[in-house]
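Some notes on the structure that comes next.
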Number of protein chains: 2
Amino acid sequence: MVKITDVARRAGVSPSTVSYALSGKRPISEETRLRVEEAIRELGYRPHAGARALAGRRSNVLALVVPLRTGIHVPTVMGFAVSVVTAARRHDHDVLLLTQEEGEEGLHRVADTALVDGLVMMDVQLDDPRLPLLRALDLPAVLIGLPASTAGLTCVDLDFRAAGEACVEHLARLGHRSVALVGSPPEVYVRGTAYAGRVVQGFTAAADRAGMSSTVLPCEPADARAVAEQLLREQPALTGVVVHNEPVLEPLVDAFADLGLRIPSDLSVTAICPDGVAESSRVPITSVTLPSEELGARAVDLLMKKLSGAAVPESTLLAPRMTERGSTGRRTVP
Amino acid sequence: MVKITDVARRAGVSPSTVSYALSGKRPISEETRLRVEEAIRELGYRPHAGARALAGRRSNVLALVVPLRTGIHVPTVMGFAVSVVTAARRHDHDVLLLTQEEGEEGLHRVADTALVDGLVMMDVQLDDPRLPLLRALDLPAVLIGLPASTAGLTCVDLDFRAAGEACVEHLARLGHRSVALVGSPPEVYVRGTAYAGRVVQGFTAAADRAGMSSTVLPCEPADARAVAEQLLREQPALTGVVVHNEPVLEPLVDAFADLGLRIPSDLSVTAICPDGVAESSRVPITSVTLPSEELGARAVDLLMKKLSGAAVPESTLLAPRMTERGSTGRRTVP
DNA sequence: GACCCTTGTCGAAGCGCTTCGACGAAGGAA
DNA sequence: TTCCTTCGTCGAAGCGCTTCGACAAGGGTC
């Protein structure tokens with residue numbers, strides 16, 4: 001193993017100079033810096049992570065807590081995870097994977113052993129039991145998701161309430177008068193998943209404001225067909241549907257087609273989901289983007305800011321962005 | 001932060017004794033050990049990860065390289081990842097997430113900085129470009145997947161060839177004479193994904209041995225319907241289908257149903273996929289398990305063995321296990 | 001009883017890095 | 001010229017842990 005003293009010897013300087021040349025924490029002459037860099041290249045030097053963590057009190061590792069609950073869409077979660085890893089690398093950090101099962105013990109462990117410098121937690125519930133611990137632990141953390149109270153926390157999320165509203169308003173502008181929201185499986189609402197509830201609120205509020213008739217229906221992945229039938233039966237005037245449930249989107253569209261409805265002429269469909277999901281549907285779907293990429297990057301950026309001691313806002317909500325893809329159209333009055 | 005000297009003082013022993021009590025690397029009297037343990041509990045001591053890594057030359061962290069290629073089934077991949085994390089925790093290790101994008105540079109980094117003790121790599125291609133590096137790096141590694149040559153490596157996988165054979169033989173025993181394999185998207189074969197090709201080999205070999213007529217058809221996620229139609233058109237005598245493509249399984253079954261075929265009376269369907277996928281299909285599917293749980297655990301166990309200096313076999317193939325779920329039946333001769 | 005193990009513990013020496021204080025040299029202000 | 005800064009570098013002191021060698025005490029063995 002090549003160490004800092006080897007580099008120092010080769011460059012004809014002291015180890016501390018190498019360290020400063022690398023970190024930039026003290027001025028080093030251009031000439032010396034170049035010599036050091038050359039020595040590093042020639043020897044293939046890489047600082048030992050453990051030694052660095054010990055002496056520098058920074059591990060350059062972040063923990064990422066990924067959810068494994070039922071009713072979540074795994075590819076969407078992975079999208080977040082990948083964007084967090086990518087963003088972390090841009091800041092010269094690595095990412096440690098923590099599963100939900102590990103729970104509080106896992107958080108304690110990585111914090112107390114100084115294994116990680118900070119923490120990104122996904123899929124936060126409205127009243128998440130881990131929040132008190134998170135506030136107590138003195139480990140900088142950023143949540144992806146918005147709990148009931150953000151006091152003392154740092155959260156980023158899509159503004160799901162506004163996203164629900166945006167979908168309804170889009171349909172309202174197109175003349176629709178009767179809309180439905182097809183949401184996540186019931187369990188997701190039961191356990192208080194923040195974003196799910198917020199979409200419902202936004203959807204309902206916007207529909208009420210616009211004087212539209214509206215329904216909300218949770219939906220299991222396998223029940224797309226049944227839900228489609230139920231909607232048409234109970235809400236015969238229905239012409240607009242908002243889908244907030246990735247795995248159900250395509251089956252639902254298929255079910256409507258099988259029931260003889262054409263999209264968008266008979267029925268306008270819009271969704272809240274990652275662009276990839278909306279694009280790759282057989283019928284491309286007009287949707288509000290779930291910007292995993294951007295959310296993950298924001299979360300990491302905020303975490304880095306906290307690590308550098310800067311103050312950050314308690315909550316950052318991204319405004320919804322709607323992309324038309326032809327699955328919505330003007331209501332054709334029958 | 002509470003450190004080992006604090007514990008030592010409290011327990012009335014020296015730091016080295018605390019260390020030995022913790023690691024068990026030297027005999028410590030029962031009585032002393034208890035006193036140390038109590039001090040640890042009272043103070044809430046946790047050894048500093050960096051210090052431990054530096055002094056002990058072990059970071060107690062593994063790297064997990066997860067694939068992000070197109071055409072893979074993300075929930076299946078996550079199943080592996082979770083099982084690796086869980087298994088690693090049983091061995092007191094944490095898991096660092098490396099994405100494919102990081103590529104060779106990522107491997108180099110975690111190895112050279114001693115960030116991790118070992119490495120688990122998923123989704124190995126037949127002729128994976130990372131293999132030479134992996135052999136060169138002196139970082140213990142285990143692959144999930146079986147490349148063309150396992151020389152100098154350690155690999156675990158389901159015996160996909162045998163799995164393909166098992167499916168055909170199952171259908172043969174039930175009297176079927178004409179079978180088809182619906183596989184992954186073409187790109188997966190093109191890039192030489194090991195398991196995909198092996199299933200084809202096993203499937204074809206077994207069908208030939210049994211004197212059955214057989215076809216192999218790759219399939220994109222969206223093309224289930226088209227593939228079903230194509231199969232019936234080109235192979236009218238078809239009565240048995242093997243599906244090796246998780247996202248396509250359910251749509252394909254639906255497509256056959258729509259085309260008027262009853263399962264299993266008109267058509268027997270079997271699959272190679274995680275049990276969860278086979279069970280949660282609308283029609284539960286007789287399948288060969290893809291034992292993510294077990295494979296992940298095995299991979300980690302093998303890695304731990306390597307870390308302790310023991311010799312391990314170059315390749316470990318798990319025998320296929322078939323579970324009947326009612327989607328296959330005796331061929332009813334027309 | 002002399003000798004040798006084994007058991008249980010301690011002190012000290014690192015592991016490879018960062019950081020602090022110190023200091024010579026050079027430049028500016030007076 | 002003198003004094004004060006700033007710049008660029010060095011040496012040494014840790015960071016918190018593991019491990020090595022040493023050693024006292026006790027128990028077998030002959």
Side-chain angles (χ1 to χ4, degrees), chain A residues 1-37 39-40 43-61 92 109-117 307-308, chain B residues 1-37 39-40 43-61 92 109-117 307-308:
Chain A
M1 170 177 215
V2 29
K3 33 198 183 182
I4 201 169
T5 49
D6 300 328
V7 175
R9 200 173 318 116
R10 176 127 193 171
V13 298
S14 79
S16 53
T17 301
V18 175
S19 180
Y20 287 125
L22 240 41
S23 69
K25 294 193 180 173
R26 282 205 184 170
I28 294 290
S29 70
E30 173 80 2
E31 187 207 325
T32 307
R33 201 173 37 72
L34 290 176
R35 239 175 332 121
V36 168
E37 281 166 6
I40 288 177
L43 298 176
Y45 167 71
R46 304 259 200 170
H48 185 286
R52 199 135 74 124
L54 180 56
R57 329 168 135 269
R58 278 296 190 85
S59 68
N60 277 37
V61 175
D92 194 32
R109 180 165 41 80
V110 298
D112 294 351
T113 61
L115 224 196
V116 307
D117 297 334
L307 283 176
S308 69
Chain B
M1 169 176 214
V2 28
K3 33 198 183 182
I4 201 170
T5 50
D6 300 328
V7 175
R9 200 174 318 116
R10 175 126 191 171
V13 297
S14 78
S16 53
T17 300
V18 175
S19 180
Y20 287 125
L22 239 41
S23 69
K25 294 193 180 174
R26 282 205 183 170
I28 294 290
S29 71
E30 174 80 2
E31 187 208 327
T32 306
R33 202 174 36 73
L34 290 176
R35 235 172 338 117
V36 168
E37 281 166 6
I40 288 177
L43 298 176
Y45 167 71
R46 304 258 199 170
H48 184 286
R52 203 144 61 133
L54 180 56
R57 331 174 128 266
R58 279 298 190 84
S59 68
N60 277 37
V61 175
D92 194 32
R109 179 164 40 81
V110 297
D112 294 351
T113 61
L115 224 196
V116 307
D117 297 335
L307 283 176
S308 70

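By convention in this document, chain letters (A, B, ...) are assigned in the order of the sequence lines, proteins followed by strands, and residues within each chain are numbered from 1. Computed from a predicted structure; not experimentally measured.
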(Q) Any carboxylate oxygen within less than 4.0 angstrom of a Lys/Arg side-chain nitrogen, looking at A:Asp6 and A:Arg9? (A) yes
Q | Spacing of CG belonging to B:Leu307 relative to CG belonging to B:Asn60, to within rounding of 0.5 Å | A | 9.0 Å
(Q) Please give me the minimum heavy-atom distance between A:Leu54 and B:Leu54, naming the atom from each residue. (A) CD2-CD2, 3.5 Å
Q: Evaluate the side-chain proximity of A:Val61 to A:Asp117: yes if any heavy-atom separation is below 4.5 Å, no if none is.
A: no
Q: Five pairs at each end of the helix from C:dG1-D:dC30 to C:dA30-D:dT1: take the axis at both ends and give me the angle between them to 10°.
A: 30°
Q: Return the minimal non-hydrogen interatomic distance between B:Ser59 and B:Leu115, and the atom names on each side.
A: OG-O, 2.9 Å
**Q.** Neighbours of DNA chain C within residues 47-57 of chain A, by heavy-atom distance under 4.0 Å
**A.** A:Pro47, A:His48, A:Ala51, A:Arg52, A:Ala55, A:Gly56
Q: Provide the start and end nucleotides, 5' to 3', of the part of DNA chain C that has atoms under 4.0 Å from heavy atoms of chain A.
A: C:dG16 to C:dA22
Q: For B:Met1 and for A:Pro27, find the nucleotide of DNA chain D with the closest heavy atom, then tell me which residue's nucleotide is more 5'.
A: A:Pro27
Q: Could you grab the distance from atom CZ of A:Arg57 to atom CZ of A:Arg52, nearest 0.5 Å is fine?
A: 15.5 Å
(Q) According to salt bridge (charged side-chain N to carboxylate O under 4.0 Å, His left out), who are the partners of A:Arg46, at least two apart in sequence or on a separate chain? (A) B:Glu105, B:Asp112
Sequence neighbours excluded and cut-off under 3.5 Å, please list the side-chain donor-acceptor pairs for residues 17-26 of chain B, or say none.
unit_1  : atom_1 : unit_2  : atom_2 : d
B:Thr17 : OG1    : B:Ser14 : OG     : 3.2
B:Ser23 : OG     : B:Ser19 : O      : 3.2
B:Ser23 : OG     : B:Lys25 : N      : 3.2

Q | Considering all heavy atoms, the nearest A:Ser308-A:Arg58 contact | A | N-NH2, 4.4 Å
(Q) On a heavy-atom basis, which atom in B:Val2 and which in B:Val7 lie closest, and how many Å separate them? (A) CG2-CG2, 4.4 Å
**Q.** Upstream residue (5' side of DNA chain C) when A:Pro15 and A:Arg26 are each assigned their closest nucleotide
**A.** A:Pro15
Q: Measure the spacing between OH of A:Tyr45 and CD of A:Glu37 and express it to the nearest 0.5 Å.
A: 13.5 Å
Q: Can you sort out which residues in residues 16-25 of chain B have a heavy atom within less than 4.0 Å of DNA chain D? Ascending by number, please.
A: B:Ser16, B:Ser19, B:Tyr20, B:Lys25
Q) Can you tell me how far CZ of B:Arg35 sits from CD of B:Glu30, rounded to the nearest 0.5 angstrom? A) 12.0 Å
Q | Which atom of B:Ala53 lies closest to which atom of A:Gly50, heavy atoms considered | A | CB-CA, 4.2 Å
Q: With DNA chain C as reference, determine whether A:Thr5 or B:Ser29 sits nearer its 5' end, using the nearest nucleotide of each.
A: B:Ser29
